[in-house]
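Just below is one structure, and these are the notes that go with it.
In this chain, numbering begins with 1 at the start of the sequence shown.
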Amino acid sequence: MSPIFVLILAVLATTYAGPIVRLAAAPALAIAFWRLTLVLPVTGGLAVWEGSTEHGARSKEHGAADRSVLLRAPFSVLLMVLSGLLLALHFWTWIASLRFTTVASSVVLVSLKPIFVWALAAVWLHEHPSRREGWGIGIAVLGATLIGIGDARLSLGALGGDLLALGGAVTAAGYYVIGRRVRATVGVWTYATVVYAVAALTLAAVALLRNVPLTGFAGRDWAVFGALAAGPMLVGHTGMNYALKHYRATTVNVAALGEPVGATLIAWLGLHEVPGILALCGAAVVVAGIGLTLGNAEFGMRNAESQGKGRVAHDPS
């Protein structure tokens with residue numbers, strides 16, 4: 001399946017996460033826990049299938065498992081555990097922020113993660129976006145900022161929610177950069193299952209320590225849990241994790257800036273949070289920045305593939 005198609009579909013699947021969370025009365029920890037837990041039977045089953053498929057392919061080619069992969073496994077597992085911890089913190093802080101600030105402000109602030117991703121990827125992965133991609137990132141973040149300014153609320157409660165959302169941006173940046181590193185050698189379903197499981201267990205432990213209930217909710221809450229697991233989690237986050245093998249972490253996160261645009265429109269139509277002119281202008285700027293970034297990234301990937309095929313065709317061996 002085309003990585004660009006999967007990435008666009010993943011972004012569209014995340015757009016209703018912010019608005020629908022507002023419909024639940026359950027604590028933020030419970031929402032985050034069930035969002036992750038309900039998706040594990042699906043990702044776990046697919047991870048088993050993925051593992052058996054990869055093992056069969058290696059056996060046919062080499063007769064045994066690749067030693068280099070086995071040697072990298074402990075480090076990869078450690079990184080996946082860290083990624084799961086960061087994902088748990090991301091969901092906890094972001095969902096909690098929705099109790100104190102508007103959907104648009106929360107989703108926009110947490111979507112500023114491309115800035116943090118850019119810095120982390122440059123230092124750790126030595127990945128730098130092209131000049132055109134850099135312009136696209138800057139334009140998209142500017143548009144997201146305009147949405148946030150147009151939706152600003154001057155109150156202490158909103159400020160606290162905004163800080164929680166910003167914390168969600170920092171932790172999500174670490175989660176995506178680690179995903180970019182690990183997905184080079186680990187299948188998407190295996191990666192998703194381990195990371196989601198670690199995140200769910202972490203949230204369950206925190207809920208236990210804080211005496212936060214994880215059961216006994218109304219049917220409406222369970223409907224929200226299921227909707228979050230099916231769309232934003234299974235399709236959204238997993239789709240972005242799939243894309244991380246094909247695109248830079250910054251590119252994937254700029255595409256994710258489409259979330260506040262969709263979330264703002266849904267909040268407008270469903271929750272009557274009417275955006276101002278500035279917010280609408282910001283949405284248009286975000287879309288332009290995403291288009292510039294993804295267009296350049298897709299061209300670069302196709303160019304790299306064509307060069308690779310050319311080298312194979314002219315390989316004298």
Counterpart residues, side chain to side chain contact (heavy atoms under 4.5 Å, CB included), relative to A13 (two or more places apart)
V235
Sequence neighbours excluded, the answer for side-chain hydrogen bond (donor to acceptor under 3.5 Å, both in side chains) partners of S97 is S106
Closest heavy-atom pair, A24 versus V224, reported as atoms and distance to 0.1 Å, is CB-CG1, 4.0 Å
Rounded to the nearest 0.5 Å, what separation is found between the CD1 atom of I31 and the CD1 atom of I20?
10.0 Å
Do N241 and L244 have side chains that approach each other closer than 4.5 Å (heavy atoms only, starting at C-beta)?
yes
Let me confirm one number: the CG-OG1 distance from L203 to T37, rounded to the nearest 0.5 Å.
8.0 Å
Hphob cluster co-occupancy, L294 + F5, side-chain heavy atoms under 4.5 angstrom:
yes
Considering only Ile, Leu, Val, Met, Phe, Trp and Tyr, and joining two whenever side-chain heavy atoms are under 4.5 Å apart, list the other residues clustered with L166.
F116, V170
With sequence neighbours left out, write down each residue that passes side chain to side chain contact (heavy atoms under 4.5 Å, CB included) with T15, or none if nothing qualifies.
I266
With a 4.5 Å heavy-atom cut-off, do V188 and K245 have their side chains touching?
no
If we only count heavy atoms from C-beta on, is the L82 to L78 side-chain gap below 4.5 Å?
no
Just verifying a value: how many Å separate L228 CG and Y16 OH, rounded to the nearest 0.5 Å?
6.5 Å
Answer with yes or no whether the hydrophobic clustering places L46 together with L234; edges join I, L, V, M, F, W, Y residues whose side-chain heavy atoms lie under 4.5 Å apart.
yes
N/O donor to acceptor pairs below 3.5 angstrom from side-chain atoms of residues 208-216, sequence neighbours left out:
none

Considering only heavy atoms from C-beta outward, does the side chain of V198 approach that of M80 to under 4.5 Å?
no
So NZ of K113 and NE2 of H90: to nearest 0.5 Å the spacing works out to 6.0 Å
Results of side-chain hydrogen bond (donor to acceptor under 3.5 Å, both in side chains) for T193 - residues two or more places apart only:
T43
Just how far is it from atom CG of L86 to atom CZ of F91, taken to the nearest 0.5 Å?
12.0 Å
Return the set of residues passing salt bridge (Lys or Arg N to Asp or Glu O under 4.0 Å) with R180 (not counting sequence neighbours), or none when no residue passes.
E127
Considering only heavy atoms from C-beta outward, does the side chain of V77 approach that of V194 to under 4.5 Å?
no
With heavy-atom distances below 4.5 Å as the criterion, would you say the side chains of V182 and S83 are in contact?
no
Closest non-hydrogen atom pair, L23 against R220
O-NE, 3.3 Å
Taking only residues two or more places apart in sequence, or in another chain, which ones meet Y242 in a ring-ring contact (aromatic ring centres under 6.0 Å, His included)?
H246
Single-linkage hydrophobic cluster L201~W92, side-chain heavy atoms < 4.5 angstrom
no
Residues A229 and M233: closest non-hydrogen pair is O-CB, 3.3 Å
Search all heavy atoms of I139 against all heavy atoms of V285 and return the closest pair with its distance.
O-CG1, 3.2 Å
Residue pairs involving residues 221-239 (criterion side chain to side chain donor-acceptor pair (under 3.5 Å); sequence neighbours excluded):
Y175-H237, Y196-T238
Looking at R183 and Y191, would you say the former's side chain and the latter's main chain have a donor-acceptor pair under 3.5 Å?
no
So which atom in F217 and which in A30 form the shortest heavy-atom distance, rounded to 0.1 Å?
CZ-CB, 3.5 Å
For the residue pair L36 and A199, what are the closest heavy atoms and their distance?
CD1-CB, 3.6 Å
Provide the full list of ring-ring contact (aromatic ring centres under 6.0 Å, His included) pairs with a residue in residues 117-142, sequence neighbours left out, each pair given once.
none
